[in-house]
Amino acid sequence: MLTDNHGRKINYLRLAVTDRCNLRCFYCMPEDGINWLSRSELMTYEEMLRCCSMLVQMGVVKIRITGGEPFVRKDIMKLITNLSKLQDLDELTITTNGILTAPHVAELKALGVRSVNLSLDTLHPGRFFSITRRDEFANVMTTFDKLLKHDIEVKINAVVMDGKNIQDINPMVELTRHLPVSVRFIEEMPFNGNGHDYNGLKWDYLRILNEIKSTYPDIKKLDDPQYSTAYNYQIPGHKGKVGIIAAYSRTFCGTCNRIRITPDGELKTCLYDNGVLNIKDLMRQNIGDGDLKDILLNAFNKRPKDGWEAERRRTEKAGIHESMATIGG
Ligand code: SAM
Ligand code: SF4
């Protein structure tokens with residue numbers, strides 16, 4: 001079992017496979033994109049596989065493929081296929097914007113992917129365009145339908161943005177009436193690649209909950225699964241569930257079981273740190289598995305207590321301004 005210096009279990013890896021994306025979500029990156037990594041800076045699939053299989057040997061049981069948009073990276077299904085064969089990996093999941101995902105849904109199901117997080121901030125095509133700066137709403141909905149038809153669990157991730165999609169909160173909750181989906185509202189974080197000024201959090205989890213209560217006063221709190229980052233709820237009689245993720249308020253750090261690897265191989269032991277070591281660079285210096293494991297264990301033993309401590313420790317004094325596309329969410 002892998003634990004950190006605060007006694008928290010580490011068993012979940014979020015692997016960002018690219019920083020590139022076919023959307024330009026307002027809260028994630030500027031309209032003209034970010035300084036994309038060059039091909040040589042990206043981890044290769046071989047490096048990712050080596051690293052994942054080591055971490056699985058060390059105690060990781062769940063891997064989420066994320067990005068950037070995972071499906072814009074060439075041959076991503078090859079990596080997913082290889083990861084799906086890792087013994088002792090209990091769960092392989094994906095976070096996607098859904099634009100290029102639909103043609104792969106049957107194969108994902110066959111590979112044992114049981115759950116997919118689909119990012120969708122609005123059910124209104126015009127607002128979708130104004131948030132993502134691309135006219136792709138219909139493709140996302142096609143993926144949504146296809147995931148449901150293939151009986152893959154769908155969790156919808158919606159970032160709540162003042163002045164952008166507040167009117168969508170309750171229509172999205174309404175989706176849970178007839179569909180077995182989890183709709184999760186996420187506090188907006190400052191990781192927008194400086195696409196816009198982040199002037200503090202306007203919609204925290206309590207305000208989001210109050211907005212839902214204004215339409216669904218009988219909403220019930222559910223027990224939260226172990227390691228859940230969401231506060232979970234259900235409207236009585238609805239098939240699906242509602243979640244609220246206090247990503248900025250950071251109320252979940254006490255049970256945080258996750259680590260992240262960025263597309264260029266940076267290990268993050270907290271969402272709010274700016275990388276603690278570079279696994280790709282070590283691999284390219286021909287480090288052996290034993291030494292790499294020791295270095296990783298050492299990093300896990302220096303994990304910050306919470307996201308506030310990680311933020312204080314950042315070497316980059318200018319504050320948090322990278323894009324979420326380089327972190328993976
Ligand atoms: N491109 C894929 C997608 O959008 O699903 C995967 C990568 S994306 C960075 C992962 C998640 O991070 C998405 O659900 C997205 O909504 C969320 N995200 C991005 N920027 C965010 C921000 N500034 N605050 C909160 N969540 C954010
Ligand atoms: Fe792309 Fe996902 Fe960032 Fe949107 S949130 S720009 S889909 S990486």
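In listed order, ligands and their atoms are each counted from 1. Since the structure is predicted, the reported quantities are computational estimates derived from the model, not experimental observations. Position 1 is the first residue of the sequence, and the numbers go up from there.
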Peer 1: Please check if atom NZ in K62 has more than 12 non-hydrogen atoms from other residues, nucleotides or ligands closer than 6.0 Å.
Peer 2: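 For K62, atom NZ is crowded (more than 12 foreign heavy atoms under 6.0 Å).
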
Peer 1: Using a 4.0 Å cut-off to any heavy atom of V159, which atoms of ligand 1 qualify?
Peer 2: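 Result: 16 (O), 25 (C), 26 (N), 27 (C).
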
Peer 1: Of the listed options (A158, G329, A16, G68), which comes nearest to atom 11 (C) of ligand 1 when hydrogens are ignored and any heavy atom counts?
Peer 2: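 Among A158, G329, A16, G68, the closest heavy atom to atom 11 (C) of ligand 1 comes from G329.
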
Peer 1: Under 4.0 Å from ligand 1, counting heavy atoms only, is it the side chain of N117, its backbone, both or neither?
Peer 2: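 No part of N117 comes within reach of ligand 1.
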
Peer 1: List every atom of ligand 1 that sits less than 4.0 Å from any heavy atom of T66, numbering the atoms from 1 in the order shown and giving each element.
Peer 2: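 Every atom of ligand 1 under 4.0 Å from some heavy atom of T66: 6 (C), 7 (C).
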
Peer 1: Near T95, which atoms of ligand 1 are under 4.0 Å from a heavy atom of that residue?
Peer 2: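 Listed by number with element: 2 (C), 5 (O), 6 (C), 10 (C).
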
Peer 1: Which one of R303, K302, K305 satisfies the salt bridge (Lys or Arg N to Asp or Glu O under 4.0 Å) criterion with D4?
Peer 2: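 Testing each of R303, K302, K305 against D4, the sole residue satisfying salt bridge (Lys or Arg N to Asp or Glu O under 4.0 Å) is R303.
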
Peer 1: Take atom CG in D223; do more than 12 heavy atoms of anything else shown fall under 6.0 Å from it?
Peer 2: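 Result for CG/D223: open.
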
Peer 1: Under 4.0 Å from any heavy atom of N97, which atoms of ligand 1 are there?
Peer 2: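 Atoms satisfying the 4.0 Å criterion: 2 (C), 3 (C), 5 (O).
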
Peer 1: Can you hop from I63 to L271 via hydrophobic side chains spaced under 4.5 Å?
Peer 2: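 Different clusters: I63 never reaches L271 through Ile, Leu, Val, Met, Phe, Trp or Tyr contacts under 4.5 Å.
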
Peer 1: In this structure, are over 12 heavy atoms from other groups packed under 6.0 Å from D218 atom CG?
Peer 2: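 For D218, atom CG is crowded (more than 12 foreign heavy atoms under 6.0 Å).
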
Peer 1: Which residue and atom name correspond to the protein heavy atom nearest atom 8 (S) of ligand 1, and how close is it?
Peer 2: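 In this structure, atom 8 (S) of ligand 1 has G67 O, 4.2 Å as its nearest protein heavy atom.
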
Peer 1: Does ligand 1 have an atom under 4.0 Å from some heavy atom of A247?
Peer 2: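 Contact absent.
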
Peer 1: What count do you get for protein N/O/S atoms less than 2.8 Å from atom 3 (Fe) of ligand 2?
Peer 2: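 Every protein N, O or S atom under 2.8 Å from atom 3 (Fe) of ligand 2 counted, the figure is 1.
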
Peer 1: Run E322 and R314 through salt bridge (Lys or Arg N to Asp or Glu O under 4.0 Å) and show every step you take.
Peer 2: CA-CA 12 Å; E322 68 259 45; R314 286 171 72 98; 2.7 Å; yes

Peer 1: Surrounding NZ of K221 (heavy atoms of other residues, nucleotides or ligands, distance under 6.0 Å), is the total greater than 12?
Peer 2: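 It does: K221 NZ has more than 12 such atoms within range.
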
Peer 1: Could you note down all residue pairs passing side chain to side chain donor-acceptor pair (under 3.5 Å) where residues 246-266 supplies at least one of them, sequence neighbours left out?
Peer 2: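 Checked against side chain to side chain donor-acceptor pair (under 3.5 Å) - neighbours excluded - the pairs reaching residues 246-266 are N11-N257, E187-S249, Y231-T251, R250-E311, T262-D264, E266-N278.
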
Peer 1: Just going by heavy-atom distances, which of R184, M29, E69, R14 is nearest to atom 2 (C) of ligand 1?
Peer 2: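 Result: the heavy atom closest to atom 2 (C) of ligand 1 is in E69.
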
Peer 1: Assigning hydrophobic clusters by single linkage (Ile, Leu, Val, Met, Phe, Trp, Tyr; side-chain heavy-atom cutoff under 4.5 Å), is V116 placed with V154?
Peer 2: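 Yes, V116 and V154 fall within the same hydrophobic cluster.
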
Peer 1: Tell me which protein heavy atom sits closest to atom 5 (O) of ligand 1, plus the residue, atom name and distance to 0.1 Å.
Peer 2: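 Here the closest protein heavy atom is S119 OG, 2.5 Å.
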
